[in-house]
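Data block below; observations after.
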There are 2 protein chains.
Amino acid sequence: MRLLLVEDTLDVAEAVIIRLERSGIACDLARTVEEARGYLEAQPYDVIVLDINLPDGLGTDLLRDMRAKGDRTPVMMLTAQFSVDDRVSTLNLGADDYLVKPFDQRELEARVRALYRREQGDKGNEITLGTLTFNPTAKVLRKEGVPVTLTRREFSLLELLIRNRGSVMSKDRLYEGLFSFNDAEVGLNAIELYIGRLRKKLAGSKVHIETLRGLGYKLDVDA
Amino acid sequence: MRLLLVEDTLDVAEAVIIRLERSGIACDLARTVEEARGYLEAQPYDVIVLDINLPDGLGTDLLRDMRAKGDRTPVMMLTAQFSVDDRVSTLNLGADDYLVKPFDQRELEARVRALYRREQGDKGNEITLGTLTFNPTAKVLRKEGVPVTLTRREFSLLELLIRNRGSVMSKDRLYEGLFSFNDAEVGLNAIELYIGRLRKKLAGSKVHIETLRGLGYKLDVDA
DNA sequence: CACCGTGTGACAGGTCAGTGACAGATTCAA
DNA sequence: TTGAATCTGTCACTGACCTGTCACACGGTG
């Protein structure tokens, strides 16, 4: 999952990013509205967490512009004071959720995941494929009921593949979902590496990752 | 829209079918889990409405098997009693919606249509030709539902032909679409080669690539 | 019948993917 | 804070398969 955090208070931002990155969400940080616009043009995000009060303007303005352009990316608003009026107008602008500062990190993560899930169209959060059950919120993968330990990156990659099962995911798309701009300079080779590691762990599960040379990878259930 | 109703209570089933057929939804009725499996093997459906309590087993088992096989057809569950636990576990199994009996016919129809719409949205720009379905975003080609593996070049060529189906594509145009300036020095013969390879993979699909000597190629569906 | 454009099998690069080893980074527990 | 364990990502090498050329067969057209 690729997330954009727009927030000017550095310590809040850092705490959030550390937390989210640790659980496998690739985060980019923008500290102004302008910066955020740049990021948004550069690449698509799965979720945006947007502070309202920013040095060069209001987060709500950015939100309005996005919606006016037809961008439907889920947006969670953040702010310190949140009157009932603020709340209503924010939601009316097309925000999907909001959180009042100070907030609990765990709550933020849970809500972000909920937004992502909703976007993906998954009702439940447990996915069964072959002999695998995958639970993105609990971060647990089971093979025939037995837990399989996955590292952060392995988990993120598997989640991307599972959510797009049956479709070919180009190496670029996987790369975008896995790494943020901070993880600069990571080679594309890393994807191949993790694909290999995942394959080992998925062995004997009726689920396999197919390679399509020059196109990407595709996760499928054995016939 | 093609719908499979799995329900053993005849009068309920008939009422539903009459209503849905009247508004243009093609319905098949299965009265047992076994019968439903038969239908599902025989052909794909757009939506499945699935009762939980059936004479020879539970609808939830059928649902679980489908999801384990990677089948993501939207499923709406029906049942008389529906505790919170039932609800959660059903959704976690991969159901997309549920309805408690007795229900309003109009509500059923509205929800079924909602499921269908969402599914169509996901499929987006999927193109069906004869027995082929071609999905450019997922980079997947299926012949009678079975995935056909294509290489990068084959895929590009097929996409060009499909997007211009019915009209003749000159070899030059195909060439321009397939090769960039980097791929300099590739002979025109390469096109013929890939046409040949594609023809083999499209064999038995009611879709054929016609040669128009001196003019180019044309992809068409058999009469 | 000759010609030109097309079909096709075999083959030789060449590119891209798989993999093992390794070093730096990070996490976790004392 | 330190050290062990694990995770991360690079590098280099190997191997597989796609790619496109060549050569030749085929077939319609004039």
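Numbers restart at 1 for each chain; the letters A, B, ... are given by sequence-line order, proteins then strands.
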- Of the residues in residues 197-208 of chain B, which ones touch DNA chain C at a heavy-atom distance under 4.0 Å?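 B/R199, B/K200, in order of number.
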
- Ignoring the backbone of B/N189, work out which of D/dA12, D/dA23, D/dG9 is nearest its side chain.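 The answer is D/dA23, which lies nearest to the side chain.
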
- Message: Can you tell me if B/T151 touches the phosphate of D/dC17, counting only side-chain N or O atoms and a distance under 4.0 Å to OP1 or OP2?
- Response: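 Checking B/T151 against D/dC17: no side-chain N or O falls below 4.0 Å of OP1 or OP2.
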
- Taking OP1 and OP2 of D/dA16, is either one under 4.0 Å from a side-chain nitrogen or oxygen of A/R213?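 For A/R213, the contact criterion (side-chain N or O under 4.0 Å from OP1 or OP2 of D/dA16) is not met.
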
- Query: Taking only residues two or more places apart in sequence or in another chain, which ones pass ring-ring contact (aromatic ring centres under 6.0 Å, His included) with A/Y175?
  - Reply: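 In terms of ring-ring contact (aromatic ring centres under 6.0 Å, His included), with neighbours along the sequence ignored, A/Y175 is linked to A/F179.
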
When the distance from [atom1] of [X] to [atom2] of [N] is rounded to whole Å, what number comes out?
X: A/E210; N: D/dC17; atom1: CD; atom2: C1'; answer: 14 Å
X: B/I195; N: D/dT19; atom1: CD1; atom2: P; answer: 15 Å
X: A/E192; N: D/dT8; atom1: CD; atom2: P; answer: 18 Å
X: B/L157; N: D/dG20; atom1: CG; atom2: C1'; answer: 14 Å
X: B/L212; N: D/dG27; atom1: CG; atom2: C1'; answer: 15 Å
X: B/L215; N: D/dG28; atom1: CG; atom2: P; answer: 16 Å
X: B/L193; N: D/dT19; atom1: CG; atom2: P; answer: 10 Å
X: A/Y175; N: D/dT8; atom1: OH; atom2: P; answer: 15 Å

- Evaluation steps, side chain to side chain contact (heavy atoms under 4.5 Å, CB included), between A/R31 and A/L10: CA-CA 8 Å; A/R31 301 187 57 190; A/L10 251 195; 3.5 Å; yes

- Message: Checking A/T73 against A/D71: is there a side-chain donor and acceptor pair closer than 3.5 Å?
- Response: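 Judged by distance alone, the side chains do pair up.
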
- Side-chain H-bond candidate by donor/acceptor type, A/N135 with A/T133, under 3.5 Å: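 No, because no side-chain N or O of A/N135 sits under 3.5 Å from a partner of the opposite role on A/T133.
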
Salt-bridged, [X] to [Y], with N to O below 4.0 Å?
X: B/E154; Y: B/K201; answer: yes
X: A/R37; Y: A/E34; answer: yes
X: A/E109; Y: A/R19; answer: yes

- Item | 5'-to-3' dot-bracket of DNA chain D (Watson-Crick, G-U; under 3.5 angstrom; crossing pairs as [ ]; | other strand) | ||||||||||||||||||||||||||||||

Result block: side-chain N/O donor-acceptor pairs under 3.5 angstrom for residues 212-223 of chain B, not counting sequence neighbours:
unit_1: B/K218; atom_1: NZ; unit_2: B/D220; atom_2: OD2; d: 2.8
unit_1: B/D222; atom_1: OD1; unit_2: B/H208; atom_2: NE2; d: 3.4

- Reading DNA chain C 5' to 3', which nucleotide is the first, and which the last, to come under 4.0 Å of any heavy atom in chain A?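 From 5' to 3', the first and last contacting nucleotides are C/dT15 to C/dT27.
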
- For A/F155, which contact category applies under a 4.0 Å heavy-atom criterion: base, sugar-phosphate, or nothing?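 Counting heavy atoms under 4.0 Å across all strands, no contact is made by A/F155.
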
- Message: Ring-plane angle category for A/F155 and A/F134, please: parallel below 30°, perpendicular beyond 60°, tilted otherwise.
- Response: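 The rings of A/F155 and A/F134 lie parallel, inter-plane angle below 30°.
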
- Message: Restricting to non-hydrogen atoms, name the atom on A/P55 and the atom on A/T32 that form the minimum distance, rounded to 0.1 Å.
- Response: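 That would be CG-CG2, 4.3 Å.
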
- Message: I need the full list of salt bridge (charged side-chain N to carboxylate O under 4.0 Å, His left out) pairs touching residues 44-63 of chain A, with sequence neighbours left out, sorted by first then second residue.
- Response: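 Matches after skipping sequence neighbours: A/D51-A/K101, A/D61-A/R64.
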
- Query: Does CZ in B/R2 sit with more than 12 non-hydrogen atoms of other residues, nucleotides or ligands closer than 6.0 Å?
  - Reply: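 Yes - once you tally the heavy atoms of other residues, nucleotides and ligands closer than 6.0 Å, there are more than 12.
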
